[in-house]
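Note sheet for the following structure.
Every chain is numbered from 1 and lettered A, B, ... according to where its sequence line falls, protein lines coming before strand lines. Quantities reported herein were computed from a predicted structural model and do not represent experimental measurements.
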Protein chains: 2
Amino acid sequence: MGASVVLDPVDLHLLRLLQNDARATYRDLAAQVGIAASTCLDRVARLRRSGVILGHQLRLDPAKLGRGLQALLSVQVRPHRRELVGPFVERVRALPEALTVFHLTGPDDYLVHVAVADMADLQRLVLDEFTSRREVARVETRLIFQRWDCGPLLPPGASGAPPG
Amino acid sequence: MGASVVLDPVDLHLLRLLQNDARATYRDLAAQVGIAASTCLDRVARLRRSGVILGHQLRLDPAKLGRGLQALLSVQVRPHRRELVGPFVERVRALPEALTVFHLTGPDDYLVHVAVADMADLQRLVLDEFTSRREVARVETRLIFQRWDCGPLLPPGASGAPPG
DNA sequence: CCTGAAAGACATGGGTG
DNA sequence: CACCCATGTCTTTCAGG
């Protein structure tokens with residue numbers, strides 16, 4: 001299930017193009033890759049079935065939605081036992097301010113990426129939803145100046161440039 | 001430009017649905033929201049023009065691409081001046097292992113989310129691309145046990161459930 | 001904001017190297 | 001077996017009210 005999948009250069013080219021614009025038509029994709037549209041459809045359908053493509057996501061601008069401030073919260077949950085951390089993660093995931101939650105190695109058990117309206121909103125979030133909780137031993141807040149998304153995700157060793 | 005945008009309940013409902021499945025057809029969206037398909041198209045086009053919708057992204061499974069290990073690297077860049085950090089960020093963004101880069105407040109200037117093949121690959125990445133660099137004063141590596149994506153991003157105060 | 005029609009994309013089945 | 005071509009169906013898109 002979690003095994004790696006064999007991908008030929010055509011698959012990689014398709015994935016690269018789709019990561020730039022996931023709504024590109026199969027016709028356009030096929031033209032750029034140099035195969036027929038139906039073949040392109042077959043390829044992408046297979047990538048979906050094999051689990052390489054998990055889904056299609058909308059990228060939104062948090063600032064345009066009135067969430068101009070983003071932060072990372074490092075959270076220690078003590079004691080770090082299943083019956084405590086399970087509900088903790090679910091509660092945090094359900095917060096409208098939460099974007100992503102990471103469970104990490106190291107002294108800070110969880111990293112929570114949040115988007116809030118402003119500093120007062122962030123203060124309220126930290127005080128009411130984190131430090132006031134018994135299971136939360138410590139919270140460290142870092143503001144995000146800027147965020148960059150990186151190039152397309154490709155298998156190790158795959159060249160970044162399209163072939164030919 | 002960065003200003004917030006007025007969104008009525010129909011817009012919010014559309015955004016919620018599209019965040020679940022960004023490739024849903026306008027026909028299906030319209031049926032669920034209770035408007036005509038053409039109106040739905042108008043709405044989404046306006047959301048795109050106004051910048052609320054930045055784009056459509058493919059969600060891939062890093063493990064299926066042979067990148068089964070993810071980590072967060074906290075990086076101190078010293079001295080923290082523009083002529084050093086600009087190239088640093090661009091170089092890191094260009095790494096095939098890099099997923100996201102954050103510029104943060106606090107003692108750790110940058111947080112880099114990476115996906116690698118295995119522990120040896122991570123070691124190589126840290127040693128060759130980070131600690132060997134003159135401008136990198138310190139790197140702290142934390143492994144990611146698990147990652148959760150959270151609910152749809154909505155404006156502050158917007159109810160999470162669609163309107164009855 | 002809806003209706004309706006035209007243009008276009010998707011998805012299937014059959015044929016070829 | 002992977003690919004291409006042709007076709008019916010559905011979706012998108014643009015008038016007009």
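- For the pair Asp11(A) (side chain) and Asp8(A) (backbone), a donor-acceptor distance under 3.5 Å is present.
- Residues Gln57(B) and Gln19(A) share a closest heavy-atom pair of CG-O, 4.5 Å.
- For the segment residues 21-36 of chain B, the set of residues with a heavy atom within less than 4.0 Å of an atom of DNA chain D comprises Thr25(B), Tyr26(B), Arg27(B), in numerical order.
- Side chain of Arg78(A) to backbone of Ala137(A): no donor-acceptor contact under 3.5 angstrom is found.
- Heavy atoms only, all atoms of each residue included: Val114(B) and Ala98(B) are closest at CG1-CA, 4.2 Å.
- The side chain of Ser38(B) lies closest to dC2(C), out of dC1(C), dC2(C), dC4(D).
- Between Thr39(A) and dA2(D), a side-chain N or O to OP1/OP2 separation shorter than 4.0 Å is absent.
- In this structure, Arg48(A) places its CZ atom 14 Å from C1' of dC10(C), rounding to the nearest Å.
- Atoms CG (Leu41(B)) and P (dC2(C)) sit 13 Å apart, rounded to a whole Å.
- Checked for salt-bridge contact, Arg133(B) and Glu135(B) miss the test: no charged N lies under 4.0 Å from a carboxylate O.
- Nucleotide dC1(D) holds its P atom 15 Å from the CZ atom of Arg43(A), rounded to whole Å.
- Between the C1' atom of dG14(C) and the CG atom of Asp42(A) lies a distance of 13 Å, rounded to the nearest Å.
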Please set out all donor-acceptor pairs under 3.5 angstrom arising from side-chain atoms of residues 141-154 of chain B, sequence neighbours excluded.
residue   : atom : partner   : partner atom : Å
Arg142(B) : NH2  : Ser74(B)  : OG           : 3.2
Arg147(B) : NH2  : Asp149(B) : OD1          : 3.1

